[in-house]
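Accompanying notes for the structure given below.
Being a predicted model, the structure only gives us computed values, none of them experimental. Indexing begins at 1, ligand by ligand and atom by atom, following the structure's order.
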Amino acid sequence: MAKTHARYVCQSCGAASTRWSGRCDGCGGWNTVVEEAPRESAPGGLGTASRRRSRNIEFASMDGPAEGAPRRACGIAEFDRVCGGGLVPGSAILIGGDPGIGKSTLLLQVVAALAGPAGSTAAPACLYISGEEAVEQLRLRARRLGLAQAPVLLATATAVRDIAASLDAAETPGIVVIDSIQTMFVDSLDSAPGTVSQVRASAQELIRLAKRRGFTVLLVGHVTKDGQIAGPKVLEHMVDAVLSFEGERGHQFRILRATKNRYGPTDEIGVFEMTDRGLMEVPNPSALFLAERRGNVSGSAVFAGLEGTRPVLVEVQALVSPSSLATPRRAVIGWDAGRLAMVLAVLEARCGLALAGREVYLNVAGGLRVSEPAADLAVAAALVSAASDQPVPAEMVVFGEIGLSGEVRAVSQPEVRLKEAAKLGFTRALVPPRRTRPGEKPKEKPEGGGLEIQEIAHLQDLVARFAAEGPRRQSQEPGRRTVGGG
Ligand code: TYD
Ligand code: MG
């Protein structure tokens, strides 16, 4: 056999080349290229190499009967909703998240719920295969979660060939968890488990089997520092759904979010709370996110947000403090730093609010990550409130997008947001002007679900509101105008 040359593969995007380089040509990542066993000498996967004659494929019409088993809902509503109503047989789902965030705990609870009570025959057979923990450790966790009686079968294995052979055996399982895909390996490849070729080949093999035998496979994937699911992006293309499990370490809240879903929506979230008895569902996240809010403090505004179909109210906190640094610090948790810079620039350039020489901290309380531009106005309200030391009324919710000229723009589904706010006892709302579609008669009064609606057309009006009331106490920087314009 001719000598095969080494192959260098980027661990982030999967691009291969014949020489090593410090920077990947494919994705531009630094230090991501690693030498791997050559492809030529090792066919990826376990595929049978039989040469068959070609056959004609069969086509079917679109309106045929819906085939296959229905979705399997596990009964944990927060999980089922993110999946789009339950697990689709024959599908592959990737669940990513930081180490220790609770992926194993969540999946153990999900399979236990799917397996049903001990002795049930209607439920699908559920297997949990771990490459990271021994069976005894898994049992310990199950006991701690009060799930020791659930008819889930546990195993420790890392060789995909063994797993595939066992899964292919006579009785087809319903649900299979692989924890984690980074520990799995295919013995026809020389590279170590966790490398891009191994992750890809192992996933390919397991997904192919799942499609062929009609079981659902749930793959756990670790996440790298920069928040990507470790291993190749190609893994995300191979699976039917990608769920990410997020949360701040110090907080007990965990959020499950679908970033890709072939069988459901991608904007739904599931909210859980990590307790000493496992993950508990949080059916009403707003109440929890607002639980520790103190009324009548400056720098705090309640944002009426929307996560998928669900309204979620969160508190946005801002702190503006004098700085001795040449470049004052700007720190943001739970929101986009670029978006904060934009809101600050608009406040400065369009409303004359001097923030350049001051440190700015922004925090979304409770550990939720807000990605909606609709939070702009709430962020601006928190900032202006902090800068002027004038609280936003405690009974007020805020939402609206801000444009670069300082105009406040309409956001989607204001009614849903207002209804949730009313349900939680809020009585006032600061909102963008109502958008009237061409040909539509403007309504006399916006539907506010009983809330007192205050429309705000420009950020200057917001700044003016706070300036009119004046600071509660003397500013720390006499002579410096903190709030102006308007
Ligand atoms: P785990 O599911 O092992 O995380 P992952 O698989 O994502 O790495 O969860 C680990 C953390 O969860 C660990 O720090 C302990 C905590 N935990 C609880 O707080 N309560 C529980 O009931 C369980 C099982 C874990
Ligand atoms: Mg784990």
Check: Of all the atoms in S130, is at least one N, O or S atom closer to the Mg ion (ligand 2) than 2.8 Å?
Finding: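 Checking the Mg ion (ligand 2) against S130, no N, O or S atom falls under 2.8 Å.
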
Quick one: [atom1] on [X] to [atom2] on [Y], what's the gap to the nearest 0.5 Å?
{"X": "L279", "Y": "E273", "atom1": "CG", "atom2": "CD", "value": "9.5 Å"}
{"X": "L154", "Y": "S130", "atom1": "CG", "atom2": "OG", "value": "9.0 Å"}
{"X": "L167", "Y": "F215", "atom1": "CG", "atom2": "CZ", "value": "4.5 Å"}
{"X": "S371", "Y": "W335", "atom1": "OG", "atom2": "CH2", "value": "10.5 Å"}

Margin query: Using the ring centroid of each side chain, check whether F79 and F272 are separated by less than 6.0 Å.
Written below: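 Centroid distance F79-F272: not below 6.0 Å, so no.
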
Margin query: Can you pull out every ring-ring contact (aromatic ring centres under 6.0 Å, His included) where at least one residue sits in residues 128-152? Sequence neighbours excluded, please.
Written below: none

Notebook entry, point to check: ligand 1: which residues have a non-hydrogen atom closer than 4.0 Å?
Noted result: D98, P99, G100, I101, G102, K103, S104, T105, R141, R144, L145, M274, T275, D276, R277, G278

